[in-house]
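What follows is a single structure, written as structure tokens, with notes after it.
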Amino acid sequence: MGFNIIYFYPFLGLFIAIYWIVKSNLFQNISLLLFGYVFYYSLDKNFIALLVFFTLFTFLTGLLIDSVKKSNKQKLTIISISICLLTLLTLKTINLSEIINSTDIQNKNTFRKAIIPLGISFYFIHGITYLSDIYTLKIKPEKNIINYAIFINFFPLLIAGPIERANNLLPQLKRNKTFDYHNATRGLKYILWGLVQKLIISNLCSPFSNYILDSPHIYSGSTIYLAILIYSINIYTDFSGYSNIAIGISKLLGFEIQANFNFPYFSNTIKSFWRRWHISLSNFFRDYIYIPLGGNSKSIFYTLTNTLIVFLLSGIWHGTSPNFIMWGIYHFSIFSISFFILRLNWKKKINPTLKKIISTWLTFNLISIGWIFFRSNSISKSYYTITKLTSNTLIQTPDIFPTPTILAIIIFMFTEWHWYKKGELFNTDFFNNLHITIRWSIYLILILLILFYSTREEQFIYFQF
Amino acid sequence: MKRFIYKFSLFCLLLNTSLLTLTFYIEAKTKSISNFKLTPTIHSVFIGHSHPQYAYNDSLLQNSANLSYSMDSYLHSYTKLTHFIQQNKQLKNIFIEYSNNSIIELMDKAIYNNNTKPKMVKYMPYLNSSEHFLLFKKNPLTYLIAKIESANIYAKKILENRLNMTREFGRFEKNSKQLKNSTINKTPIPKPKTLKKISYLNIFYLKKIIVLAKKNNCNIFLIRTPTHPKWAGREFEFDYKRIKKTYFPNIKLIDMINFKLKNEEFGDLQHLNYKGGIKYSLYLNKMLNK
């Protein structure tokens, strides 16, 4: 039972009510842990033992790293992190072979569900960063197994992030939590917007984009172009929707979690996009890979080499199949080109607003083309889609034009633009100044729309990672 | 926290009220504009579950329509019949399947089990208040989910003006399967058994169908479609006859269970295939015309 299933919410409501009625911190933490395991079990009962085993392994290893002599700390950290990475890679590679052998999409999903433990990439990163932080003395190892198990198994973040740091989450688990009205209402608004993103917008986009991109040979370049743009909205609303729900639930439980998206499609450079897209993963790569490698402190060559490594690892993190690696290389390429372009001093003065609009649209298009690699299950299919996209059929009228979907996207993007310009979700002067009856009517209409659209149960795209 | 609880409860109350109002409106609207009109020449209808659905080829049966649907319980048959009778005053004869498996406990599950959610969704706007209450009482969660899904589906149908329900609730289905010799060989001949549990709920709705038909001056007949002699459902022959005698003593049963058919005219042990359907329908047509 995931966040996209409406029937999850009455259970969540009941749990949160019990959680706040009993004010003991110990009880709250135990209930969080148990609910987390039940939640995971309801989604993937096959691999709950792996989750428990991984929790115990990293917990004990963390204590061991802290207790051994300084000379052995490094060896132990490298060995333990290598074990984690090898396990992660093995489990993802096993799945890969199954996907390659299967051409049928339905089967592919079944295999994914059957073989890859749900959320493994996310909770493994939690464990790995924890061990690394102990070694670099950023944190002291957690001595309370319950607190640590919650850190790994914190149910709002368990399946698809955001990836949270131990030094942010563990202290919050230790302190006594008090109910905060404003935090709770903000939490509800995050959940509401997350559900709008996933259950209305994403579910509206996915049938069209999947239909076209699964059979690019049938459609014209213009139709494929439209499908790619719609897929970009689809993946954004799907993943950002999940993150918003996760942040909202965390707020309701009295936790502050870092944001995972900051309106990425309003970025006007590739660099800016990566600072706003899947922020928690980007931060992880920045802090644990890019900066330790030297970051941008040396020559341009080193900067670009480090960037390439990060993009390749980012691709591999999503999956070891060649299309994800190609997706990483593609992003490195457009990042490098924009890196050099931005270093050039443009003599011609262009109207700043126009420049911003053009660069934002261009960035969005470049990012959207990158999703072709991300979505396809082979390089050849990606190549074929791009060939078809760049053919002379690009200037034709699209074969299919999903008017309701496009209208919904326009309304959605306009609303996001409003949040982006004025503040955070549902917290702008314009929105707050509306009379309570109008605000509540908006919430009611959105919930009714969610309920009416929630009948199609479509899994979150990032569940496969 | 008190402020939050107060506001949240108030909002939930508003939400539920709006949701209920909207779903009731959609249901009422659907009910009022749905079209169940059959061609005026149709005077007889066949209703029931998969047995009649595969057996009565209504293109071979004069002035008849097969409105049966797989896994339909008598509650479903009653609901659709209410609307067909209302909109088709020319109907004279109602043939309702009364088979050995119409009385078994499984039929209770066919009414309110979780698996029957698609049926609940489909029938939701057409149910009477007593049926709404029954389904809610028996399986509240599935009922509420089905109610929302149903409102969603029928709202779209209203907007797209797609409420011609004449063939949506049942029709003759051509069964292309063929009973395998291996199945016949390994299946023992059924031995008489007593049913542990009987679906009194289903029987209750059969009674309601009879009352409905009589109230609208229609002739009602129970009919038993042919099945293979090795079909396990035949084990409950004693209970089958007992229930008929106890609850429906005055209703005529047209018992065709032993109608002569070859093995290749069955889709499986309990269903005719299209060949069997043709043979049986032609025979029945002659018989009814006499």
Side-chain angles (χ1 to χ4, degrees), chain A residues 1 4-14 16-23 28 177-189 191-192 195 199-200 203-204 248 251-254 404 426 436-457, chain B residues 1-30 112-125 135-136 139-162:
Chain A
M1 195 186 282
N4 57 330
I5 311 290
I6 286 299
Y7 327 122
F8 163 72
Y9 292 91
F11 292 105
L12 178 73
L14 192 69
I16 289 174
I18 297 167
Y19 178 86
W20 284 115
I21 286 167
V22 185
K23 286 176 181 166
Q28 285 177 333
K177 288 170 274 295
T178 46
F179 185 85
D180 179 71
Y181 173 80
H182 293 289
N183 213 23
T185 50
R186 278 175 68 218
L188 288 175
K189 287 170 187 172
I191 294 173
L192 177 62
L195 289 170
L199 294 178
I200 302 179
N203 280 1
L204 266 173
K251 281 185 191 298
L252 279 173
L253 295 166
F426 294 104
I436 188 166
T437 48
I438 300 174
R439 268 189 289 134
W440 280 33
S441 303
I442 293 172
Y443 298 145
L444 275 177
I445 291 166
L446 287 177
I447 294 172
L448 290 175
L449 281 172
I450 288 165
L451 286 171
F452 283 114
Y453 276 99
S454 65
T455 48
R456 270 188 56 228
E457 286 175 16
Chain B
M1 200 195 281
K2 272 182 191 169
R3 187 178 162 207
F4 181 82
I5 293 170
Y6 169 73
K7 278 199 165 183
F8 189 71
S9 310
L10 189 66
F11 186 79
C12 285
L13 188 72
L14 268 171
L15 175 68
N16 288 330
T17 315
S18 324
L19 194 60
L20 279 177
T21 313
L22 195 64
T23 46
F24 282 130
Y25 171 76
I26 293 168
E27 282 176 12
K29 183 83 184 164
T30 306
Y112 53 77
N113 204 356
N114 290 349
N115 299 336
T116 61
K117 195 181 86 183
K119 265 199 202 297
M120 273 196 213
V121 169
K122 195 171 178 180
Y123 280 85
M124 192 64 76
L135 295 180
F136 179 71
N139 194 343
L141 188 63
T142 308
Y143 171 81
L144 290 172
I145 295 165
K147 203 167 185 65
I148 294 169
E149 283 187 25
S150 164
N152 180 7
I153 289 166
Y154 282 101
K156 281 177 197 155
K157 281 184 189 265
I158 293 170
L159 290 172
E160 292 162 7
N161 197 15
R162 286 190 297 115

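Chain naming here is simple, since letters A, B, ... match the order of the sequence lines and numbering starts at 1 in each.
Contact of A/Thr178 with chain B is not made at all, since no heavy-atom distance falls under 4.5 Å. Heavy-atom distances place both the backbone and the side chain of B/Leu14 under 4.5 Å from chain A.
When the shell of 6.0 Å around OH of A/Tyr181 is examined, it contains more than 12 heavy atoms from other residues, nucleotides or ligands. At most 12 non-hydrogen atoms from other residues, nucleotides or ligands lie less than 6.0 angstrom from CG of B/Asn161. By the neighbour-count criterion of 12 heavy atoms within 6.0 Å, atom NZ of A/Lys177 is densely surrounded, having more than that number from other residues, nucleotides or ligands.
Note that the CE atom of B/Met1 and the CZ atom of A/Phe179 stand 5.5 Å from one another [nearest 0.5 Å]. Going from atom CG of A/Leu448 over to atom CG of B/Leu15 covers 6.0 Å, rounded to the nearest 0.5 Å.
Side-chain contact check for A/Leu188 versus B/Phe4: some heavy-atom pair is nearer than 4.5 Å.
Here the closest heavy-atom approach between residue A/Trp440 and residue B/Lys7 is recorded as CH2-O, 3.5 Å. Of all heavy-atom pairs between A/Leu451 and B/Ile148, the closest is O-CG2, 3.6 Å.
Chain A forms the most heavy-atom pairs under 4.5 Å with one residue out of B/Leu141, B/Leu144, B/Leu19, B/Ile153, and that residue is B/Leu19.
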